[in-house]
Number of protein chains: 2
Amino acid sequence: MPKQTFLNLPEEKRAKIEQAAINEFTAYSYDQASTNRIVEAAEIPKGSFYQYFAGKKDLYRHILDKILERKMEFLTPVMANPMEMDFFQLLRETYVAGLRFATSNPELQQISQRLMADRNHPVFVEFIQDNMGKADDVFRQLIQLGISRGELREDLDVAFAAHIISEMNNSVADFYKSYVKQTMDDDYLNMVDKLLDFLRRGIGSSEQVGS
Amino acid sequence: MPKQTFLNLPEEKRAKIEQAAINEFTAYSYDQASTNRIVEAAEIPKGSFYQYFAGKKDLYRHILDKILERKMEFLTPVMANPMEMDFFQLLRETYVAGLRFATSNPELQQISQRLMADRNHPVFVEFIQDNMGKADDVFRQLIQLGISRGELREDLDVAFAAHIISEMNNSVADFYKSYVKQTMDDDYLNMVDKLLDFLRRGIGSSEQVGS
DNA sequence: TGGTCATATGACCTTATGGTCACATGATAA
DNA sequence: TTATCATGTGACCATAAGGTCATATGACCA
């Protein structure tokens, strides 16, 4: 957590520092990011930086918190009323909300992606596992709900399915990027629909074959 | 490419250097890996290192080449006779081969994973895109074949499906790790079968619903 | 006015990095 | 024996990192 000194700062100055940090972490991985550069961009002396934060890690966590907060602004409205939509509609809205976040906050998305990429980095394992665990839980509940409503196969391995869907949720933005590059189709609604169709029906032909 | 001097080295010495590099790149990301530590572990003078390689990047590429070579030893036998298996059998064998590589070469797997994680790092984009492009191509052909044999839905978006399957191929080893952690089931055959079942049939109930 | 206290400041520290280079060594050929 | 040439060697270099600290500043109160 930032020190009180930082929180006491006039909002303008605080915002400038945060923005400098966001720019740095957008351009460089955590390890490569430089407090010197941040300090320079924020136009504050090196010493002041250490009045505000315990160090690089502290600043990074602060930025992650801000990102999570912002992402939740997109996600919570979707999750608010799970009973009004079926499973796939809900999942669709979830993925779409993630993509809306990603396209309207490209720097923050970039930082999140770096975070997921470096997910075994000692500095963030804790943060990651906490949040991914929560996501798995949410999806597990949604799947249970979907099964009980007859929207999903009854013989699903719930935890396994939850994990897959949660992983897809993480990689959907990344996936979208390469989708656009390949197909020149930048409408993420198309992509999400295709993805959900895969998830729903699989890719096998209808002729049933024993596993 | 390593310099001729390196190739002239007695095999024992060469192996020692390569092993030191593998250990370093297993423990640290490319950026964090230190030539100083490698040189120390390999018990060669710093100067000698630069007689053998142009620099860190050169060494890293050399190691990547060795990894790819080794991974291919697992994969080529599977791909050798695609007409003797149906699509899902072939895919299963492919995933299993990847997992066999991963479990029998954990350090190399770790390095590959780091590579995929840092895939936009300027030093490896070229290497990555080359190889992922190749993978996409292979899967596209397999899917075409699968459709023509009636094993896959005719209305598939081939490129899209190929991309998904290729991505899954990349993440299956990663996925396996968290699968084991969650379920305590370390039999990857189970996991692969579940994954393929998802891919084949989807997770939706059989009641057909308009998309 | 003088004292106190949070805050501001930047020169400076240690430690590490990737990389260089003048020179040493030793095998081969004349 | 002497010259040549690939190879070996480690002290050394510039650069940059994250972090510290003695000192300066300035707002507030007695």
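Keep in mind that what you see is a predicted model, and the values were worked out from it rather than measured. Chain A is the first sequence line, chain B the second, and so forth, proteins listed ahead of strands; every chain is numbered from 1.
Of the charged side-chain nitrogens involved, at least one lies within less than 4.0 Å of a carboxylate oxygen, so that B:D197 and B:R201 count as a salt-bridged pair.
When each of A:G47 and B:K13 is assigned the nucleotide of DNA chain D with its nearest heavy atom, B:K13 is the one assigned upstream, toward the 5' end. In terms of position on DNA chain C, the residue among B:Q51 and B:K57 whose nearest nucleotide sits closer to the 5' end is B:K57.
In this entry the distance linking CD1 of B:I44 with P of D:dT7 reads 14 Å, nearest Å. Atom CZ of B:F49 is separated from atom C1' of C:dT20 by 14 Å (rounded to the nearest Å). Put simply, NZ on A:K3 is 12 Å from P on C:dA8, counting in whole angstrom units. At whole-Å resolution of the value, CZ in A:F6 and C1' in C:dT7 are 15 Å apart. Distance A:D58 CG to D:dG19 P: 10 Å, rounded to the nearest Å. Rounded to whole angstrom, the span from the CD atom of A:E43 across to the P atom of C:dG10 amounts to 12 Å.
B:Y176 is not listed as a side-chain neighbour of B:L195, based on a closest heavy-atom distance of 4.5 Å or more.
Residues B:E40 and B:N36 bring no donor and acceptor atom of their side chains to less than 3.5 Å of each other. In the model, B:Q113 has a side-chain atom that pairs as donor or acceptor with a side-chain atom of B:D174 under 3.5 Å.
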Scan the side chains in residues 48-55 of chain A for donor-acceptor partners under 3.5 Å anywhere in the protein, sequence neighbours excluded, and list what turns up.
none

N/O donor to acceptor pairs below 3.5 angstrom from side-chain atoms of residues 130-147 of chain A, sequence neighbours left out:
residue: A:D136; atom: OD1; partner: A:S166; partner atom: OG; Å: 2.9
residue: A:D136; atom: OD2; partner: A:H163; partner atom: ND1; Å: 3.1
residue: A:D136; atom: OD2; partner: B:Q182; partner atom: NE2; Å: 3.1

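When distances run from any side-chain atom of B:Y50 to the nucleotides D:dG19, C:dG18, D:dT9, the shortest one goes to C:dG18.
A heavy-atom distance below 4.0 Å to DNA chain C is reached by these residues of residues 16-38 of chain B, ordered by number: B:A33, B:S34, B:T35, B:N36, B:R37.
Residues B:F160 and A:F198 place their aromatic rings such that the two centres sit under 6.0 Å apart.
The side chain of B:N8 places no N or O atom within less than 4.0 Å of a non-bridging phosphate oxygen (OP1 or OP2) of D:dA6. Of the side-chain N and O atoms in A:Y52, one or more sit less than 4.0 angstrom from OP1 or OP2 of C:dA8. Not one side-chain nitrogen or oxygen of A:S48 sits closer than 4.0 Å to the OP1 or OP2 atom of C:dA8.
Residue contacts shown for B:K46 include a base, since a base heavy atom lies under 4.0 Å away. As judged by a 4.0 angstrom heavy-atom cut-off over every strand, A:F53 is placed among residues making no nucleic acid contact.
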